[in-house]
Chemist: 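Okay, here's the structure, questions in a sec.
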Amino acid sequence: MGWLTRALVTACILVIVHGVVPRHCHVDEPCFPSNNELYQFSRTLDGGVLFPSDQLYSKIIVLHNVVYTKFPIAVAVALTTEDVQKSVLFARKHNLLVSVMSSGHDYNARSTAHESLMIYLGSMNKTKVTLSSTRNPAGEMTCESGNTWLKVYSELTQYGRVIIGGSAHTVAMGGYTLGGGHSPMSRMFGMAVDNLLEVEMVTANGSIIRADEQGTTWVNDDGTTRRTTDADIFWALRGGGGGTFGIVTKFTYKLHYAAKGLVTFICIYPILLANKTNIGYDVLGHIGNLIPGLPKEWGGYMGVAYNHDTTADTYGTISLFLNHYGTWDSPSRSYVDQFANYKPELQTYCQMKNVSTFIDYEVTARDPPIYSTALLNVLMQNDSFTKDWVKFMIDKVLYDHPIQESSISWTGTLLGGKMQDVGIHDTSVHPGWRSSYMSLSGGVGWNPGNGISWDKAVDEAKALGDEQIKFGYGMYPNESGPNVTNWHDNFWGSNYKRLLEIKRKWDPDRFFYCSQCVGSDDDQPAHVPTHGHIGIGLGGLGPLG
Ligand SMILES: Cc1cc2nc3c(=O)[nH]c(=O)nc-3n(C[C@H](O)[C@H](O)[C@H](O)COP(=O)(O)OP(=O)(O)OC[C@H]3O[C@@H](n4cnc5c(N)ncnc54)[C@H](O)[C@@H]3O)c2cc1C
Ligand SMILES: *[C@@H]1O[C@H](CO)[C@@H](O)[C@H](O)[C@H]1NC(C)=O
Ligand SMILES: *[C@@H]1O[C@H](CO)[C@@H](O)[C@H](O)[C@H]1NC(C)=O
Ligand SMILES: *[C@@H]1O[C@H](CO)[C@@H](O)[C@H](O)[C@H]1NC(C)=O
Ligand SMILES: *[C@@H]1O[C@H](CO)[C@@H](O)[C@H](O)[C@H]1NC(C)=O
Ligand SMILES: *[C@@H]1O[C@H](CO)[C@@H](O)[C@H](O)[C@H]1NC(C)=O
Ligand SMILES: *[C@@H]1O[C@H](CO)[C@@H](O)[C@H](O)[C@H]1NC(C)=O
Ligand SMILES: *[C@@H]1O[C@H](CO)[C@@H](O)[C@H](O)[C@H]1NC(C)=O
């Protein structure tokens, strides 16, 4: 790495986070590895190490949320679990801040940090399908963390099986699964964490473990193993969040038999008609009333968005984008007739279709290549879909834009069904998930051309989020803003206490740090490194000047 880059990186350190951020070695300190040490390290990895002068470096560090680009000192490209292990040991030796990235989809940039050694898992994309498994009748699939969901779905289709993954094609296994993971089929088969059978992980002290519900297997350097009955870490990884307990290299999930056929249902209404009649209150009220009763075979999304249809001269849309697990003649299919038959003359579009596989539904989803959106989230409960809530949604989306030049839109992922069969403490996700009917995520988007700052959008999203949380119980950390009020409670509720104990046990030095992650503000005295500037630290949070 050249001097220029180092100077640039150092000059960027404008944010001083309070003392809770663990201290790490900075580029201008003696503890920092020399160029030669970095070079020697890069030679030990199968995947090599990228420095700022490498073209690929720039490609990896630019996040999908473009607001948050940061500059790690180097990117360790892991191809194997041993590469990850070596990177952790190197970072520990030099007391470097580590950031962990699978896809770089984290809305709040927790997968990158200035001056960090980024451990990049995006090239670890091997998979293995095992159809005859003693653990699960329909078999299992092991995916390295860098796989994206569309790749996994495509590979599975030939086996007549489905897996619980995200709707976004480019989201990866890592952050998605560790944060909980909802899917268009979660009402049928639960969350990603409910379908997780086993993980392989590199611990904070550089050991390789395999963990499942029964215990933990430690892999010794010579390849021999040692089994314990400690199942804490597996519990913590089922919802406790990425980037904080260890680096998961492989995830093994349950598979499910594919349905004989599926039905999709897409229905769209305008909110404000050309003659200025607002039908949004009625339409959303009607949808809200029907959601808690939806059969588990139906899953998918509800959207409430601001837009102007210039042809029809209408404003706003309320849309349903649903899929039914099972053929047309299943009794559960006709439930959505109650949507289809509601004010049909006012619908912009409404159609039910037969499709043969999940991927036929899934390919129609479109990932935004980049976004600059500040998020807010709430887990909606059976009593959340009130008149007040309807008014809140329609008024915000249409009339009270949080900031003049911005807009807000919501995506609600339908929850419930099988997700409610899992106990509130069986996994570490917020208990609110187990009684929830919808994970409602709002995004404040704005036009940077109008000079509105990202900070402003974040503040507005935060204010809206504080208002919105009163309708439900709990928030999805992976679809929330960067600075959430009462985040311990809102993200994990009564599971936080045990998560923190596990964090203290598995990472007593707080080697893994990300903002608003379990233990990120832990003030219990931890191991204090002998080097490092007091009071200066860099977290995964915050726009840098
Ligand atoms: C377009 C889009 C669509 C989405 N759709 C869905 C959806 O359908 N369902 C849903 O539940 N969520 C969805 N999300 C949210 C998604 O769950 C999160 O963005 C998730 O964190 C992405 O994980 P990642 O590994 O791809 O991202 P990254 O940014 O690479 O990682 C996210 C976080 O996890 C950590 N991390 C990543 N990999 C590992 C690992 N192997 N071990 C330890 N820590 C790790 C990172 O350090 C970071 O803190 C969507 C997000 C986007 C942007
Ligand atoms: C899988 O990762 C390798 C690098 O390890 C890469 O060359 C390849 O394009 C990836 N495959 C997909 C489908 O992303
Ligand atoms: C990490 O800690 C565990 C348990 O304390 C120990 O068994 C293991 O050897 C340690 N690993 C390394 C690489 O030091
Ligand atoms: C507005 O248009 C709708 C749909 O055409 C109609 O039902 C409604 O009566 C109209 N309202 C007014 C005030 O004209
Ligand atoms: C879907 O297929 C069933 C037969 O399996 C048929 O009765 C039904 O009309 C089809 N629906 C559509 C919209 O094509
Ligand atoms: C709503 O859920 C609560 C607790 O989760 C339950 O006690 C109550 O009976 C439910 N109400 C309805 C109308 O289903
Ligand atoms: C999901 O939330 C957890 C906990 O805050 C965090 O570890 C992980 O990085 C998050 N990902 C996103 C997209 O916020
Ligand atoms: C987070 O929100 C609080 C108000 O709840 C505010 O005082 C603080 O400045 C915010 N921090 C950041 C980094 O935006």
Side-chain angles (χ1 to χ4, degrees), residues 14-18 20-21 67-68 81-82 84-93 108-110 201-211 215-228 230 232-233 245-247 259-267 322-324 326-331 333-334 336-337 340 350-356 360 374-376 444 453-467 469 480-490 502 504-509 511-512 515-516 520-521 527 537-545:
L14 297 178
V15 173
I16 302 195
V17 191
H18 17 277
V20 295
V21 181
V67 171
Y68 276 139
T81 303
E82 287 70 27
V84 175
Q85 180 180 40
K86 286 173 196 160
S87 305
V88 165
L89 291 171
F90 180 77
R92 285 225 74 138
K93 183 171 161 209
N108 302 316
R110 293 187 186 96
M201 186 185 93
V202 175
T203 64
N205 73 346
S207 280
I208 297 173
I209 62 162
R210 287 194 292 271
T216 303
T217 301
W218 293 76
V219 182
N220 302 319
D221 283 347
D222 60 5
T224 58
T225 58
R226 180 168 57 86
R227 178 81 176 165
T228 73
D230 182 354
D232 274 359
I233 193 68
F245 293 101
I247 304 180
K260 287 202 185 73
L262 284 88
V263 178
T264 62
F265 177 67
I266 299 175
C267 203
L322 310 184
N323 67 102
H324 178 269
T327 53
W328 191 273
D329 52 11
S330 329
R333 196 267 311 162
S334 55
V336 304
D337 289 348
C350 202
Q351 198 112 60
M352 237 184 273
K353 275 193 186 145
N354 293 308
V355 296
S356 46
D360 296 337
L375 294 190
L376 52 136
V444 177
S453 73
W454 168 246
D455 298 15
K456 188 105 197 280
V458 167
D459 288 350
E460 292 296 346
K462 181 175 162 64
L464 271 175
D466 287 348
E467 209 178 322
I469 185 64
S480 298
N483 184 18
V484 164
T485 316
N486 302 328
W487 60 270
H488 313 84
D489 245 18
N490 281 328
I502 296 173
R504 284 175 177 167
K505 188 168 87 184
W506 283 78
D507 184 11
D509 302 334
F511 172 65
F512 292 115
S515 156
Q516 300 206 330
S520 63
D521 62 349
H527 159 82
L538 280 172
L541 165 77
L544 282 232

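Counting starts at 1 for both ligands and their atoms, following the listed order.
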Chemist: Below the 3.5 angstrom mark, is there an N/O of Asp459, backbone or side chain, next to an N/O of ligand 8?
Modeler: no
Chemist: Counting heavy atoms only, which of Arg226, Gln85, Arg92 comes nearest to atom 7 (O) of ligand 3?
Modeler: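 It is Arg226 whose heavy atom sits nearest to atom 7 (O) of ligand 3.
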Chemist: Would you check whether Asn354 has a nitrogen or oxygen atom less than 3.5 angstrom from a nitrogen or oxygen atom of ligand 5?
Modeler: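 N/O-N/O distance under 3.5 Å: yes.
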Chemist: Determine, considering heavy atoms only, which of Asn205, Ile208, Asn220 sits nearest to atom 1 (C) of ligand 3.
Modeler: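 Residue with the shortest heavy-atom distance to the ligand atom: Asn205.
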Chemist: At less than 4.0 angstrom from any non-hydrogen atom of Asn483, what atoms of ligand 8 do you find?
Modeler: 1 (C), 2 (O), 3 (C), 8 (C), 10 (C), 11 (N), 12 (C), 14 (O)
Chemist: Measure the spacing between OG1 of Thr217 and CZ of Arg210 and express it to the nearest 0.5 Å.
Modeler: 6.0 Å
Chemist: Is atom 14 (O) of ligand 3 less than 4.0 angstrom from some protein heavy atom?
Modeler: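 So far as the 4.0 Å threshold goes, atom 14 (O) of ligand 3 is in reach of a protein heavy atom.
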Chemist: Could you tell me whether Asp221 atom CG has more than 12 heavy atoms of other residues or ligands within 6.0 Å of it?
Modeler: no
Chemist: Check whether any side-chain heavy atom of Ile233 lies under 4.5 Å from a side-chain heavy atom of Lys505, and answer yes or no.
Modeler: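 The answer is no, as the side chains (C-beta and beyond) never meet within the 4.5 Å cut-off.
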Chemist: Start with the C-alpha distance between Thr203 and Met201, add both sets of side-chain angles, then the distance that settles side-chain contact (heavy atoms from CB on, under 4.5 Å), and finish with yes or no.
Modeler: CA-CA 6 Å; Thr203 64; Met201 186 185 93; 3.9 Å; yes
Chemist: What protein heavy atom is closest to atom 5 (O) of ligand 5, reported as residue, atom name and distance in Å?
Modeler: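 Looking at atom 5 (O) of ligand 5, the protein heavy atom closest to it is Trp328 CB, 4.4 Å.
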Chemist: Would you say the side chain of Thr327 lies within less than 4.5 Å of the side chain of Arg333, judging by non-hydrogen atoms?
Modeler: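 They are not in side-chain contact.
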Chemist: Any idea which protein heavy atom is nearest atom 11 (N) of ligand 3, and the distance to it?
Modeler: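 Ranked first by proximity to atom 11 (N) of ligand 3 is Ser207 OG, 2.6 Å.
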Chemist: Are a donor atom and an acceptor atom from the side chains of Thr264 and Asn323 found within less than 3.5 Å of each other?
Modeler: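 No, because no side-chain N or O of Thr264 sits under 3.5 Å from a partner of the opposite role on Asn323.
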Chemist: Can an N or O of Thr485 be found at a distance shorter than 3.5 Å from an N or O of ligand 8?
Modeler: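 No - when backbone and side-chain N and O of Thr485 are compared with those of ligand 8, no distance drops under 3.5 Å.
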Chemist: Look up atom OG1 in Thr216 and atom CH2 in Trp218, then write down how far apart they are to the nearest 0.5 Å.
Modeler: 7.5 Å
Chemist: When you measure from the side chain of Gln85 to the backbone of Gly206, do you find a donor-acceptor pair of N or O atoms at a distance under 3.5 Å?
Modeler: yes
Chemist: What's the shortest distance from atom 4 (C) of ligand 3 to any protein heavy atom, and which residue and atom give it?
Modeler: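 Among all protein heavy atoms, the one nearest atom 4 (C) of ligand 3 is Trp218 CH2, 4.0 Å.
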Chemist: May I ask you to list the atoms of ligand 5 that are less than 4.0 angstrom from any heavy atom of Met352?
Modeler: 13 (C)
